Each structure stands twice: as structure tokens, then as C-alpha cells.
Amino acid sequence: MIRIGLMGGTFNPIHIGHLISADEIIDLFHLEEVIVVPCCLPPHKEHGELIDASHRFAMASLATASNPKLVVSPLEIERGGKSYTIDTIRALKKEVGGELETYFIVGVDVFADLASWKGVEDLLTGSHFVVTNRPGYDESQLVERLNRDVTPRFPKLRFNLKARATKGLIHEISVEGSPCSIFLVHIPSLDISSTEIRRRVAQGRPIKYLVPPEVEQYINKHKLYT
Ligand code: ATP
């Protein structure tokens, strides 16, 4: 089995919160690599401040260049239109074959809307999920929320909490009838978002140390977010 992580998002721009989270999860789950997949158009977000995909892809590539376990995929950008995770996972499985075990990495802020995602049932039976904490979001009631929001719409999907204590891992939520699980992990909490970075650039404030130096240089060179 090849165990790989997938991290979807707008990456507008990529920042150290994304990188630390990916690296931590490679270690916790013994993953071969994490594929960072910048979306073309996010299905659940405003597009107002979204810069061209080529810039977002370039910054993600620069940010991950020094880590052989982080790779950036143009799959969603090349597919065009709204980017749905289920389509991306299906495409990867088709490309790599049955030997692929995927871990979709997502912040609890994004995962909270799971019930509205395209192909929820196929997603939860076809891929593990690794849900990370984010400052300002409560992850303690996740199982209750899944049973409240997802199960009434998809009665086959029921969620149970399984205790598990490994390093950094908070707990595992099993999905009845699925070989896959949802892992809720606790990563070093960083109150950083792309929104905050865009805001700082627009205000002429520093972003040093919030993004890798190559990303900062790229933003300056192309006068992004001003
Ligand atoms: P924006 O502020 O523009 O909404 P963002 O910072 O949330 O962007 P995204 O590209 O939308 O970044 O996020 C991609 C994924 O990374 C999401 O699953 C999100 O929850 C997660 N993520 C973003 N920032 C952090 C962080 N600081 N710590 C952990 N996970 C994060």
C-alpha cells in the first residue's frame, strides 16, 4: 500500500500553517508524501480575492521545493472549473491504481461543512480524513456534529468515537461500514491564515516568517495582494 496525504485548498498564498501541518501529518501517519493540490475555483468560498492559479501554484512549488516529501499537483488547476475533492481523489486512484491509500488533510474549519460536499458517501468510504485543529474553532464536538449534520442526510453514514493515544493524535472516529476513518489530530496551533497574509501585504506590513522567504520574494516581485 502506498500511503499518501492530500492537502487541498486555495493556497492564496501558501503559508507556514499549511507547511507545518503537512509535515506533522507525514510524521504521524508515516506517509510517503503529501500532495498539495491548489484548487482552480473553490466550491465553498468567495472568489473575490482569488489570484490567478498560476501564481498560487508557483508559490506552493517554491514553498515546498526544499522538502522532498511535499509535492504540488496541477491536477485541479488543469481540470478547471469548481474543484471537488471527490473528483481529485478518483483521478489519483485511477492514475496510481488500487494500491493507493489516501489521507485527506483538512482543517476543522473546512471539515465542519462536510455535509455539503459533493460525493460525501464516496469520500468517506474511499479515503481517510485527517482533521486538524485551528485556532478559533472547536473540534471537541466533532462526532456529535457529524451524527447531527451528516447522518440525517446520509443514513448509512454513522460515526463512532474510538479512543486512541499515539503521539499528538487526539482520537479516531470510525465510519460504520467504511474501511476508512476520520482522525482528529492536534498539531502545533498557528493563528495564521492566507486572509491575514493578504491583509498584511495590502497594509504594507511584514509577512516575514509567516511565509517562506521565496514566497515573500515572489509576492513582492509580482506585486500581489497590493
Ligand atoms: P483563507 O484565509 O484565504 O480562507 P486559509 O489560510 O484557510 O485561507 P486554505 O488554502 O483555504 O488556507 O486552506 C487549505 C487547508 O489548510 C484547509 O484545510 C485549512 O483548514 C488548512 N489550514 C489553513 N491554515 C491553517 C493553519 N494555520 N493551521 C492548520 N491548517 C490550516
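In this text, all values refer to a predicted model and were calculated from it rather than measured experimentally. The chain is numbered in sequence order, starting from 1. Atom set for the values below is all heavy atoms of this structure, side chains included, hydrogens, waters and symmetry mates excluded. First listed ligand is number 1; within each ligand, the first listed atom is number 1.
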Please state whether the rings of [X] and [Y] are parallel, tilted or perpendicular, taking 30° and 60° as the class boundaries.
| X | Y | result |
| --- | --- | --- |
| Phe111 | Phe129 | tilted |
| His128 | Phe183 | tilted |
| Tyr103 | Phe29 | tilted |

For the hydrophobic clusters of this structure (ILVMFWY residues joined by side-chain heavy atoms under 4.5 Å, transitively), does one cluster hold both Leu50 and Tyr84?
no
Is the number of heavy atoms from other residues, nucleotides or ligands within 6.0 Å of CZ (Arg158) greater than 12?
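It does not: Arg158 CZ has 12 such atoms or fewer within range.
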For ligand 1, would you mind listing the residues that have at least one heavy atom less than 4.0 Å away, ordered by chain and number?
Gly8, Gly9, Thr10, Phe11, His15, Gly17, His18, Lys45, Val106, Gly107, Asp109, Val110, Thr132, Arg134, Ile187, Leu190, Ile192, Ser193, Ser194, Thr195, Arg198
Tyr218 and His55: CA distance, side-chain angles, deciding distance, ring pair (Phe, Tyr, Trp, His ring centres under 6.0 Å) verdict:
CA-CA 9 Å; Tyr218 189 98; His55 285 313; 5.6 Å; yes
